[in-house]
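Below is one structure; the comments refer to it alone.
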Amino acid sequence: MRIKLPVTAAAMLAWLTCAGVLHAAPDIQHWQTDKGTRVYFVPAPELPMVDIRMLFAAGSAHDDGQPGLANLASGLLDKGAAGLSANDIADRLEGLGAVLSTGSLRDSAWVSLRSLSDPAQLEPAIDLMSKVVSKPDFNKRDVNRERERKLVALRRAEQQPSSIADRRFYEAVYGKHPYATRPIGTAESLKKITRKDIRAYYNKYYVARNVIIAIVGDIDRKGAERIASQLTAKLQSGEAAPGTPVVPPLTQAVEQRIYHPSTQTTVRMGEPGMRRGDPDYFPLYVGNHVLGGSGLVSRLFIEVRDKRGLSYGVNSYFTPMVQDGPYTFGLQTRNDQVDEALDVMRTILKDFHDSGPSDKELTASKKNITGGFPLRLDSNSKIVEYLGMIGFYELPLDYLDTFNDKVMAVSREQIRDAYRRRVHPDRMVTVIVGGDGKE
Amino acid sequence: MRGIWIGVLLFACQGVLAAGKVHEYQLDNGLKLIVKEDHRAPIVVSQVWYKVGASYEHDGITGVSHVLEHMMFKGTKNHAPGEFSRIISENGGRQNAFTSTDYTAYFQSLEKSRLPVSFELEADRMRNLKLTEEEFRKEIKVVMEERRMRTEDKPTSFTYEQFNATAYTSSSYRIPTIGWMDDLENMELSDLQAWYERFYAPNNAIVVVVGDVEPGAVLKLAKKYFGPLKPEQIIAPKPRIEPEQEGPRWITVRQPALVPYLIMGYKVPVLNTATEDWEPYALEVLAGILDGGDSARLARELVRGSQVAASAGAGYDVYDRQSSLFLFDGTPSNSHSVEDLQQALLEQIARLQEQPVTADELARVKAQVVAGNIYEQDSVFYQGMKIGQLESVGLDWRIEEDYVKLVNAVTPGQVQAVAKKYLVENRRTFAMLDPLPIEHGSKPRQSQQGGGHAH
């Protein structure tokens, strides 16, 4: 627990900077296990440690009408497995100095392990990870307790304007699409989920053909192969999850004002954006970098914060997913200033949509993205994240090698064209949560 | 490509599995430069740490260190407002700054050849900042928005701020880093100017560089850019030693919220103030016994066992500048009250006082410390952060090298001893968040207008 967090100058900058002249991308080794699991490996012998990430296509997009099911299942994996209790598992892992974590969002659910690479620690840690993914017990007492904890977490989210805004934004942008619900689910749905539901969900989605494994660390190829085989040995082969449906575009602008007794009003604005591997990825990514993705120097930041002092954090970002993840614009401002701030944000978007970036802006963004490329890959934890993303979304293995060239190739005209086709300032969702709102 | 430099590195690093080499220098003007080599990736992190933060402030000007940090991006004699950020960005850099109770730090992460860009700009704003009324009037509004976002509208943070101001009587740790809203309202450009002149000088700064660099070359660069800067007479802040607390304190905070919350803290020494050197490390181990992961007592016994808590935590910072607090916080589960949770935490403390911790528990805490010491070397930024934090509170970065050893030396008897000595009622402050309804039609809380008043 670290309550005394430092206060930073710039808000929640999505650190979207990137790659460089140096093309120092790792050489990714790739294979499939006997069970059909795709594996991605980068050796990193400098530090005596190993990072492993298993990504299952088992996020809330696969809840099948029971919001919260995927998230509850994921959180229960290490709360009892192969006859070991949550206490047993935690005792053993932490006694080895290993760190195991689980999590889930809309597309995926993951299990991550960080361990020392000495076999005396690594081997028992892998054995425990294998038990957690292949033999979870879903004991009644654990299910009930974790459900109760989720219900508390849900209520806590509802006391925070930003969480309320995020929830309402996804609901409005995605309507009946499975991306609409929050991964943690709803109170109503959580209360109805049974152990049987969780078991059935697990049996269907936690299978060898529905997972990819990323490994980075101080082991050789043979060691990595052994780990991957061990982690999948006791999984059922199963089938890959069914695809996520295409996201329908919005048909009209929607504006919601939601009352909350806060001193500030939080705004989320946007629409379905793009998917991983999208043909328009690079023009949209680079375009948004200029508009709201480059932190302290983006157009939105300069106009809303630097020139007018209207908000601490203001940005825009794409969240590429299996299907079109949202294109989101966000800010927070004193209740009585929200109309002014929203007006500035909309005007900037409209102007960018019509005219695109200037030559100068585009050059500056390209320099930032490409000049900072080595920073994307300067730690094992960042590399294992990239491997997970490349594997899960089936991006080409040379994704990182070609990244800078693709950024450099983007022209102003391509950005204008992509924005005209893909971004629709006149039919976005706007969610406004704050003190002066009327429901 | 990465394969190639990994190969080279392996060769260079044989036998030096753990930490890279650290080099310390001092320039004639008093600036301290610390360089740590990490050749894993062709990058460099450059951080400038100033010995100033909220705990250097006094009533009436709270938040001034943090507001000044914001203004450091607003131009110098040589660069227009915003140019700093633009230049770093065009060099592929990531940058930001942060203010804490004990320090203010500025950093850039860059491809390794761009280090001079960072040094030139940081040296410039160390002495040449141009504080203007125009930029200040806009930026102070931004800081007020930041305060609304971080504190006013976040019931747990708001509770923590009130808790802190109750726990400390005269210690400057009672000051919130972001500043009280009223002090922000009444802040003047001259407050910032005085603060800048007092604390921003080479002899009050530590430059930390970590990455794929050659220390001699970094020193040369530092001499070139920081060397010509004039030192300042630095007047240390008054000690403001917290008087002995003579009884438990208790507050209730009422805010629109849905979930109750508690914070509890005990006055404890830190490495800087302890009379017995082992005590801070015993407190550190104690924090590990309670909250060092999912196997620790709070998760095992309060979250999973009795289920009195939906979440519970404990924490302590051995490297604070002044004596501080050993903290607990938590949210009760749906079927329990804040009072139940507090009772459960007090029972945990009583047990630590009555019975020594088990050998297994102690071994787990130590195993995590040993492994954590390796894991944290994965982040170049964090390696710099550790050095800077230590140096800015007046500790030698070398003590971090002994951290594992000193934690490993802690005995069950010592853990019990610090629990008995410090986790006692007279040293305690307790704050509880009592949720007010969030209902439609209830009045929004008053927001001070700010930013536009006469000056």
Side-chain angles (χ1 to χ4, degrees), chain A residues 1-3 6-10 15 17 20 22-24 26-27 45-49 86-87 90-91 94-95 97 114 116 145 148-149 151-152 155-156 158-159 161 259 261-264 294 296-297 305-306 309 311-312 332-335 364 367-368 371-372 374-375 378-381 435 439, chain B residues 1-3 10 17 40-43 66 69-70 85-86 89-92 94 96-100 109 111 138 141-142 145-146 148-149 152-153 155 160 177-178 256-259 293-295 300 304 307 310 313 315 333-334 364 367-368 370-371 374 377-380 438 440 442 444-445 447:
Chain A
M1 184 188 69
R2 284 247 159 174
I3 289 181
V7 178
T8 53
W15 271 2
T17 38
L22 278 170
H23 286 276
D27 177 20
E46 302 92 332
L47 294 171
M49 55 186 265
N87 288 348
D91 283 354
E94 289 168 6
R114 172 167 270 194
L116 297 174
R145 183 193 64 243
E148 285 300 312
R149 294 183 66 210
L151 291 170
V152 173
R155 284 176 64 76
R156 193 185 294 129
E158 288 299 303
Q159 73 187 26
Y259 172 78
S262 48
T263 65
Q264 233 181 12
S294 50
L296 310 181
V297 296
R305 176 167 153 167
D306 275 358
S311 183
Y312 172 67
Q332 341 75 33
T333 191
R334 205 174 68 204
N335 288 329
K367 279 185 175 174
N368 177 262
L375 298 171
D378 66 1
S379 67
N380 295 359
S381 58
E439 192 132 37
Chain B
M1 276 299 280
R2 189 169 189 268
L10 235 185
L17 271 181
R40 293 179 303 151
I43 63 130
H66 172 246
E69 176 227 296
H70 276 241
S85 302
R86 189 183 57 71
S89 180
E90 287 197 5
N91 277 282
R94 300 167 187 189
N96 214 323
F98 45 87
T99 307
S100 176
S109 304
E111 184 276 315
K138 288 185 291 185
K141 286 175 67 187
V142 171
E145 293 296 349
E146 184 179 357
R148 290 183 187 103
M149 186 190 79
E152 309 275 334
D153 292 343
Y160 175 69
T177 301
I178 190 97
L258 293 167
V259 179
D294 228 23
S295 72
R300 173 192 302 266
R304 292 197 300 272
Q307 304 190 12
S333 63
N334 275 332
R364 276 200 301 274
Q368 290 179 73
V370 170
I374 302 289
Q377 292 169 44
D378 190 38
S379 166
V380 175
I438 297 180
H440 187 222
S442 66
R445 289 186 297 125
S447 164

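So you know, we letter chains A, B, ... as the sequences are listed, proteins then strands, and number each from 1.
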4.5 Å side-chain heavy-atom contact, B/R304 and A/R145:
yes
B/Q307 versus chain A, heavy atoms under 4.5 Å apart: side chain, backbone, both or neither?
side chain
Any idea which heavy atoms bring B/V142 and A/G309 closest together, and the distance?
CG2-CA, 3.5 Å
Between the main-chain N or O of B/L258 and the side-chain N or O of A/R155, is there a donor-acceptor pair closer than 3.5 Å?
yes
Any side-chain heavy-atom pair from A/L296 and B/S89 closer than 4.5 angstrom?
no
For the atom pair NZ (B/K141) and OG1 (A/T333), what is the distance rounded to the nearest 0.5 Å?
7.5 Å
Any side-chain to backbone donor/acceptor pair from A/E94 onto B/Q368? Under 3.5 Å, distance only.
no
Within the side chain of B/E111, is there an N or O that forms a donor-acceptor pair under 3.5 Å with the backbone of A/P374?
no
Looking at every non-hydrogen atom in both residues, tell me the closest pair between A/P261 and B/P256 and how far apart they are.
CG-CB, 3.6 Å
For A/P161 and B/D153 the tightest heavy-atom approach is CD-O, 3.9 Å
Ignoring hydrogens and geometry, is there a side-chain-to-backbone donor-acceptor pair from B/D378 to A/S379 under 3.5 Å?
no
Heavy-atom nearest pair, A/R156 first then B/V259, reads N-CG2, 3.5 Å
Find the distance between OG (A/S294) and CD (B/E90) and round it off to the nearest 0.5 Å.
10.5 Å
Side chain B/E152, main chain A/T263, donor-acceptor under 3.5 Å
no
B/K138 versus A/D306: any side-chain heavy-atom pair under 4.5 Å?
no
B/N334 side-chain N/O to A/L151 backbone N/O, donor-acceptor pair under 3.5 Å
no
Does some side-chain heavy atom of A/D91 sit less than 4.5 Å from a side-chain heavy atom of B/R300?
yes
For residues B/P155 and A/Q159, determine if any side-chain heavy atom of one lies less than 4.5 Å from a side-chain heavy atom of the other.
yes
Given that the side chain runs from C-beta out, which part of A/S311 has a heavy atom under 4.5 Å from chain B: side chain, backbone, both or neither?
backbone
Does some side-chain heavy atom of B/E145 sit less than 4.5 Å from a side-chain heavy atom of A/Q264?
yes
